[in-house]
Number of protein chains: 2
Amino acid sequence: MSFLTILRQYASKTDPATLPPTVLFSHSTTTLTIFDAYPKATFHFLILPRVSPNCPSSALANLKSVLAWDKDKAKQCIRDLQSNALELRDKIEEEMMEKYGFKWDVWMGFHAVPSLEHLHLHVISSDLCAPALKNKKHYNSFHSKLGFFLHLNDVLEWFDATESHFKTMAKLEKSKYEPLLKDDLVCHRCYERQKNIPTLKTHLQSHFDKDVQKAKGKAILILKRKREDDESSDGRKDQAKKASVDQDKDS
Amino acid sequence: MSFLTILRQYASKTDPATLPPTVLFSHSTTTLTIFDAYPKATFHFLILPRVSPNCPSSALANLKSVLAWDKDKAKQCIRDLQSNALELRDKIEEEMMEKYGFKWDVWMGFHAVPSLEHLHLHVISSDLCAPALKNKKHYNSFHSKLGFFLHLNDVLEWFDATESHFKTMAKLEKSKYEPLLKDDLVCHRCYERQKNIPTLKTHLQSHFDKDVQKAKGKAILILKRKREDDESSDGRKDQAKKASVDQDKDS
DNA sequence: TATTCCGATAGTGAC
DNA sequence: GTCACTATCGGAATGAG
C-alpha cells in the first residue's frame, strides 16, 4: 500500500533532509517541496504540508479534509503552501530564462479529486509537454480552464466568501469533478479540439516550439540592435531603439 | 473496396481454375470450394455458389437475399452447397486420420450476419484452435450452440417448416444476432466460462491435446493387441479383443 | 484523479 | 460478423522482514 501513502510518509519525516535528493527539492518548517515523480510538464513540483502535533496527518489527508478542519488552521496551512509556491515559482522562472531564454506561466493548484493520500499543491509550468503525460486523465487533470484543477488563488478566495459558498465548494464532490476528466481533449492555449493524445501532444509541443522560436527571434533582435548601437557613434538613436525592443515584449 | 467483394469476384470467374492454388481447393459446375484465408480451426473451408445466368450475384449476396429469392432455387442452391460440403467433409476426415490418427466433428453452416459479400458456407473442424482466431467475435461467430452460427441442416429444415416459420427465420435480423457475438466466452465443449481470449485458446488447445493423446493411446492399444494376436496361436481370444477395442470408441 | 500491465473495446482505413 | 493498426478504456496489482 505504500504507493498510495508515499506522500504522507514524506510529510511525516522529522528530518526531511534524509529524503533522497532525487525526491526532495527543499523544505521549510511547515512544508516540503518535492519533484513530481512523473512530471506532466517541463517543470512540475509538489508542495506538501508537514505533519506535526498542530497538523495531524488525518487533517492533511486531502483538500476536502483540510477544508473540513479548523478554518483558521486550514487557511494558515494553505497560505504556507502558497508562500513556498511563490518562492518556488521565482526559482522556476530563473531556470526558464537560463535554459530557454524566456518565461511562461506557472500554475499553482490542487486536484479536486486526488488519488494519492496527503494534500499536495501542484506547481507546474503551463506547457504540459512531458513524456509522463500519457492519457486524457493526465491532461484534463491539469487543464487550467476545465475545473478539475483548482487554482490556489481560487481556493484561497473561498475562505473570504460567504460561509454558504465556502461550504459548497469545500464539499469537493467526486460526482461533480470526476466526469470532467473524461471530457474531450481541448487545447488549453487555443481551444482547438484534439482527436487523441498523440495528436494533442504534438499540438502542445508545437505551441511550445513556437514560443521558443519567438523568444530566440527577440533575443537575436535585441543582440543585433545592441551591436548596431555599439558600432554607432550617434548617441541620439539609443532611446528610440530601447523603446522599440520594450514594445516587442507584448507582441 | 475489393476486400468486401472478394468472394463475389471468385464466384464470378468463368474459369475457376485461373484462381491461385492457395485460394482454390476445388470446384463443381455450381460451386467453388476455397481455403479460408484466415482459418479459425485446423480445417476451415468456404463453399460458394457460382454466379451464372440462373444464379445472379444479386440473389447470392448473402443468406438473407438467397432466402428472399425464389424458394425452389434457393433450396437447390443450398443443397448444391451441401452436397459439396459432405464430400469435402469426407476428405477432411481422411486427412484427420492421416495427420492426427483420429476424426472429430466438422461443422457446416452460415454466419447469420456475414460481413463479406456473397453467400459462403463455412466448413470448419470443431477444434477452433488456430492462430487467426483472435477475438470474441471470431469465437462466438463459430460457437456451435450460441445461435450466430446457423447449421446447414437447420437452415434446410426451414424450407420444410410452415411458411410462417420460414418467413420468420429468413429475416435474419441483425438486432437478433449481432448481440450474440458479445456474449461471454463459454467453451463449446465443456461449457466452462473463460475470462478472456488467451485463456480460452489455452483451454481449447488442451481439449484438443487430450483428444490427440487419447487417440494415440487407443492406437497403441490396438497395435499391442494386434501384436499379441499375431504372436498368439490361440484363435479363440480374437473375438473378445476385437469387441473390447470397439467399446473404447465411445469412451 | 499514483503507475504499470494486460486485455477488451472502438474507430479507421484498406483500393 | 474481413484484417491490421492505433488508441482508448477497464480492471488488477503494486509492497515486502
Side-chain angles (χ1 to χ4, degrees), chain A residues 1-10 34 36-40 44 46 62-64 109-118 120 122 131-143 146-150 172 174-185 194-201, chain B residues 1-9 36-40 46 62-64 109-118 120 122 131-143 146-150 172 174 176-185 194-201:
Chain A
M1 304 263 159
S2 77
F3 49 95
L4 284 173
T5 55
I6 188 75
L7 299 182
R8 175 181 296 153
Q9 289 170 46
Y10 293 163
I34 66 174
D36 191 296
Y38 302 90
K40 306 302 190 296
H44 190 181
L46 302 179
N62 49 57
L63 185 57
K64 192 171 167 179
F110 304 96
H111 282 158
V113 184
S115 86
L116 287 190
E117 297 262 333
H118 203 78
H120 46 287
H122 289 274
L133 197 158
K134 292 178 176 173
N135 58 49
K136 186 184 275 192
K137 275 196 292 197
H138 289 158
Y139 181 67
N140 281 346
S141 74
F142 287 107
H143 193 293
L146 189 62
F148 188 91
F149 187 81
L150 306 174
L172 293 170
K174 267 196 187 186
S175 58
K176 178 183 168 188
Y177 291 100
E178 265 183 338
L180 297 172
L181 297 173
K182 303 203 172 185
D183 271 19
D184 285 353
L185 295 171
Q194 300 295 317
K195 258 183 99 143
N196 54 41
I197 285 289
T199 311
L200 171 71
K201 286 175 72 72
Chain B
M1 302 266 155
S2 77
F3 50 95
L4 283 174
T5 55
I6 187 76
L7 299 182
R8 176 182 295 152
Q9 289 171 48
D36 191 296
Y38 303 92
K40 306 301 190 295
L46 302 179
N62 49 54
L63 184 57
K64 193 172 166 178
F110 304 96
H111 281 158
V113 185
S115 83
L116 287 190
E117 296 262 331
H118 203 80
H120 47 287
H122 289 274
L133 196 157
K134 292 178 176 173
N135 57 48
K136 186 184 273 190
K137 275 196 290 198
H138 289 159
Y139 181 67
N140 280 348
S141 75
F142 287 107
H143 194 294
L146 189 62
F148 189 91
F149 186 82
L150 305 174
L172 291 171
K174 267 197 187 185
K176 178 182 169 189
Y177 292 101
E178 266 184 339
L180 296 172
L181 297 173
K182 303 203 170 186
D183 271 19
D184 285 353
L185 295 171
Q194 300 296 315
K195 258 182 98 143
N196 55 41
I197 286 289
T199 310
L200 171 71
K201 286 175 70 74

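Chain letters run A, B, ... following the sequence lines, proteins first and then strands; every chain starts at 1.
- Residue-environment remark: NZ (Lys137(A)) stays at or below the threshold of 12 foreign heavy atoms within 6.0 Å.
- Rounded to whole angstrom, the span from the CG atom of Leu116(A) across to the P atom of dT4(C) amounts to 13 Å.
- When the nearest nucleotides of DNA chain D are assigned to Glu178(B) and Lys195(B) by heavy-atom distance, the more 5′-ward of the two goes with Glu178(B).
- Residue Asn196(A) has its side chain nearest to dA7(D) when only dA7(D), dG15(D), dC9(D) are considered.
- We find that NZ of Lys136(A) is positioned 12 Å from C1' of dA10(C), with the value rounded to whole Å.
- Rounded to a whole Å, the CD atom of Gln194(A) is 15 Å from the C1' atom of dA7(D).
- In this structure, the CG atom of Asp184(A) is 12 Å from the P atom of dT8(D), given to the nearest Å.
- Between the C1' atom of dA14(C) and the CG atom of Leu4(B) lies a distance of 9 Å, rounded to the nearest Å.
- Protein atom CG of Leu181(A) is 15 Å distant from nucleotide atom P of dT8(D), rounded to whole Å.
- Rounded to whole Å, the distance from CG on Leu133(A) to P on dT4(C) is 13 Å.
- Judged purely by atom type and a 3.5 angstrom limit, Asn140(A) uses its side chain to pair as donor or acceptor with the backbone of Asp183(A).
- In this structure, of dC9(D), dA14(C), dT14(D), it is dT14(D) that holds the atom nearest to the side chain of Phe3(A).
- Distance noted for atom P between dG17(D) and dT3(C): 24 Å (whole Å).
- Leu7(A) comes within 4.0 angstrom of nothing in the nucleic acid, heavy atoms only.
- Ranking dA4(D), dT8(D), dT4(C) by closeness to the Tyr38(B) side chain, first place goes to dA4(D).
- The residue among Pro198(B) and Asn135(A) whose nearest nucleotide of DNA chain C is located toward the 5' end is Asn135(A).
- Lys40(A) has a side-chain polar atom (N or O) that falls below the 4.0 Å cut-off from OP1 or OP2 of dT3(C).
- As a whole-Å value, the separation of Lys137(A) NZ from dA7(D) C1' is 15 Å.
- Residue Lys134(B) places no side-chain N or O under 4.0 Å from the OP1 or OP2 atom of dA8(C).
- Distances shown here put every side-chain N or O of Lys182(A) at or beyond 4.0 Å from the OP1 or OP2 atom of dC9(D).
- Within 4.0 Å (heavy atoms only), His120(A) reaches sugar-phosphate atoms of the nucleic acid but no base atom.
- Ring orientation note: the planes of Phe149(B) and Phe142(B) are tilted relative to one another, at an angle of 30° to 60°.
- For the pair His111(A) (side chain) and Ser141(A) (backbone), a donor-acceptor distance under 3.5 Å is present.
- Ring centers of His118(A) and His120(A): at least 6.0 Å apart, outside the cut-off.
- When Watson-Crick and G-U wobble pairs are counted only if both distances are under 3.5 Å, dA8(C) pairs with dT8(D).
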